[in-house]
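What follows is a short report on a single structure.
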Number of protein chains: 2
Amino acid sequence: MATIKQVAQHAGVSVATVSRVLNDKGYVHEDTRKSVLKAIEELQYNPNSVARSLFKKSSNTIGLLIPDITNPFFPQLVRAVEDVMYPKGYTTILFNSDENIQHELDYLKGMTSKYIDGVIVVSNTLKWEHLERLTTPVIALDRHIDDRIASVTIDNYESSLKALEFLVERGCKRIAHLAGPSHVFTSNERLRAYKDFTRKNGLEEIIQEGSYELQSGMLNTMQLLTKYQHIDAIFAGNDVMAIGALKAAAKLGIDVPKELSVMGFDGVEWGTAVTPELTTMQQPIYQIGKKAAEMLLKRLENPGLAPEHVRLNAELTVRQSTK
Amino acid sequence: MATIKQVAQHAGVSVATVSRVLNDKGYVHEDTRKSVLKAIEELQYNPNSVARSLFKKSSNTIGLLIPDITNPFFPQLVRAVEDVMYPKGYTTILFNSDENIQHELDYLKGMTSKYIDGVIVVSNTLKWEHLERLTTPVIALDRHIDDRIASVTIDNYESSLKALEFLVERGCKRIAHLAGPSHVFTSNERLRAYKDFTRKNGLEEIIQEGSYELQSGMLNTMQLLTKYQHIDAIFAGNDVMAIGALKAAAKLGIDVPKELSVMGFDGVEWGTAVTPELTTMQQPIYQIGKKAAEMLLKRLENPGLAPEHVRLNAELTVRQSTK
DNA sequence: TTGTACGCGTTATCAG
DNA sequence: CTGATAACGCGTACAA
């Protein structure tokens, strides 16, 4: 609660001198330096971040805009971002948009007035025109928004193809797809891959659209399984739905993986909690967050940098839910 | 990026007047008011929060200090807090301490200099002496830190007793306890209840200490089950370990709930994802967060308030993992 | 090597 | 009803 002025007084110097020792800038005699340090100690002085921000027009804070921390995909991502930002002196502010564009815009607006230094966004609705006016660096996750906005993504299309190939390699012949919601970019990519794959391989196309939630995965699988009894594999749009599929199978007395193979997508921790453990196309979630944070850091230090676009690889993790 | 000064100039008035219309304070003629509004609109003026904070010594921001967002207990809690704070104009900053006292203290220190208006903490290490110096309201979650610090908790001891009673009602005779880490308050309370319960009912005391993690739950259950083959129920210190127990049972070919009942504690979402679904002593996680946020809000508006201590009830949720 | 004085963007007080 | 102006706490030219 002490101010720089009080420290100055206490040490018998001017505020400028205190500021100098605080920031190791300019010359300051070793003796006065010591007495200042002593005063700081005695008064338990702590520099005021707000005043500093006002002057610097920077708050050492970044924003992390995600749909919903309650979605098991995000906790790890958030951790990764914080793990790299905090040691560098940055505080990260989390924001749940619920995919609501109005919330997103509100937040973006607030950022500017808080001198927030940068943002990492994962959003299906934000476009270039919304981000354009920001003077701070932006990193887009999960989805490439615009060439002018740096991004870190994975190839949902290619990865889905690989997952599907694995399924046929293991002898699956009738693969259904539990698609995610159609307003979600990644979900569409996975669906597109499924469609292309089945067409190219002359497989039957069986699609059921869900909502990326557990219940949805379960219910839709029940429908699928009762409607088409010959299905021998399910490729789910995400792990949570895949786990719902596992539950449905258990409920119907269908043996996984003997009678039915289930493939997830994402690699969330839940997948290891269930029995059988979920085979999945695993995104390097922590790596994605880490990479994004690192990119942001780089652009914070060097604002002129051209927008980088990195694409990480998802990796098939074979566990127990597939043949 | 426009400042109040520019708006004033643009509207041909003084900054004082602009400030008045901005904050609806004091008298201002309707005509000048309109022209100011127009200027604001034209310049897309947005008040600068940092400058405002500096003057007001308040940032409309609260801190939320938790061990680890990656622990499935916390996402819901965080959501609850944000859901109540945001509509009231507060931003919440999340902080993961990893139960590291040094991190916690660092963070607390940073708070003061950022004019953060209040904190919600869930910590096993923080004591009165650490919080004493804060001038902002503090709410403790999960654990009662001191009478002088408001808190919202549940009765871990009583609830554990109830869970245990349920198990014996269902005919379980040899109940083992998968205890949580001993440095965690809630974990000790649950353990204490187990000890008292077994003693009072003349039951054998079988305790295995774990770390609240999935692997730990599984490994420790394996040991337990191979070492004491007569166990017919496991009372786990938390849901995650309980799910680990489920996995262990599956691996050993032990039927849950026929041969073994498994009882969790917490009520995290994972519990509904597994098969069989987990019977658990369910904490009202969202409610806890909501209540804490509401209490904080109340104390923010009325700083003089005496510290309130509310205790919420955990509720037995019977699903499929118990007889 | 050190101190003075101004500016960062707001709000509030006090004249007018 | 409106306008100067002094804070808020800090960092940095510019002088000394």
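To find a chain, count down the sequence lines: A is the first, B the second, and so on, and within it residues start at 1.
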Calculate the interatomic distance between [X] atom [atom1] and [N] atom [atom2]; express it in whole Å.
X: B:Gln9; N: D:dT2; atom1: CD; atom2: P; value: 18 Å
X: A:Asp24; N: D:dG11; atom1: CG; atom2: C1'; value: 14 Å
X: A:Leu43; N: D:dC10; atom1: CG; atom2: P; value: 12 Å
X: A:Glu30; N: C:dT2; atom1: CD; atom2: P; value: 10 Å
X: B:Leu54; N: D:dA6; atom1: CG; atom2: C1'; value: 13 Å
X: B:Lys5; N: C:dT11; atom1: NZ; atom2: P; value: 14 Å
X: A:Ile40; N: D:dC10; atom1: CD1; atom2: P; value: 10 Å
X: A:Met1; N: D:dC10; atom1: CE; atom2: C1'; value: 15 Å

**Prompt:** Applying the side chain to side chain contact (heavy atoms under 4.5 Å, CB included) test to A:Leu141, which of A:Leu65, A:Val122, A:Val81 qualifies?
**Reply:** A:Val122
Nearest to the side chain of [X] - [options]?
X: A:His29; options: D:dT2, C:dT1, D:dC10; answer: C:dT1
X: A:Ile4; options: D:dC10, C:dG9, D:dC8; answer: D:dC10
X: A:Pro47; options: C:dG3, C:dC8, D:dC10; answer: D:dC10

Looking at [X], I'd like to know whether one of its side-chain N or O atoms comes within less than 4.0 Å of OP1 or OP2 on [N].
X: B:Thr3; N: C:dG9; result: no
X: B:Thr17; N: D:dG3; result: yes
X: B:Tyr45; N: C:dT10; result: yes
X: A:Lys57; N: C:dG9; result: yes
X: A:Thr32; N: C:dT2; result: yes

**Prompt:** Charged N to carboxylate O below 4.0 Å: is that the case for B:Arg79 and A:Asp98?
**Reply:**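 Salt bridge flag = yes for A:Asp98 with B:Arg79.
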**Message:** Which label fits B:Phe95 and B:Tyr107: parallel for a plane angle under 30°, tilted from 30 to 60°, or perpendicular past 60°?
**Reply:** parallel
**Request:** Ignoring hydrogens and angles, state whether a donor on the side chain of A:Tyr286 or A:Asp83 is under 3.5 Å from an acceptor on the partner side chain.
**Result:** yes
**Message:** Go nucleotide by nucleotide along DNA chain D from the 5' end; which of B:Val28 and B:Ala51 gets its closest nucleotide reached first?
**Reply:** B:Val28
**Gap between atom CD1 of A:Ile288 and atom CG of A:Asp142 - 0.5 Å precision** =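 Interatomic distance, A:Asp142 CG to A:Ile288 CD1, rounded to 0.5 Å: 7.0 Å.
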**Asked** To the nearest 0.5 Å, how far apart are CG in A:Leu64 and CG in A:Leu94?
**Response**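 If we round to the nearest 0.5 Å, A:Leu64:CG and A:Leu94:CG are 5.5 Å apart.
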At 4.0 Å (heavy atoms only), tell me whether [X] reaches a base, stays on the sugar-phosphate, or touches nothing.
X: B:Asn46; result: sugar-phosphate
X: B:Val13; result: sugar-phosphate
X: B:Ser53; result: nothing

**Request:** Identify, with sequence neighbours excluded, every residue that meets salt bridge (charged side-chain N to carboxylate O under 4.0 Å, His left out) alongside B:Asp24.
**Result:** B:Arg33
**Message:** Checking B:Lys127 now: which residues fulfil side-chain contact (heavy atoms from CB on, under 4.5 Å) with it, not counting sequence neighbours?
**Reply:**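 In terms of side-chain contact (heavy atoms from CB on, under 4.5 Å), with neighbours along the sequence ignored, B:Lys127 is linked to B:Glu129, B:His130.
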With the criterion being N/O to N/O and under 3.5 Å, what pairs connect the protein with nucleotides 12-16 of chain C, and how long is each?
residue, atom, partner, partner atom, Å
C:dA12, OP1, B:Lys25, NZ, 3.4
C:dA12, OP2, B:Lys25, NZ, 3.3

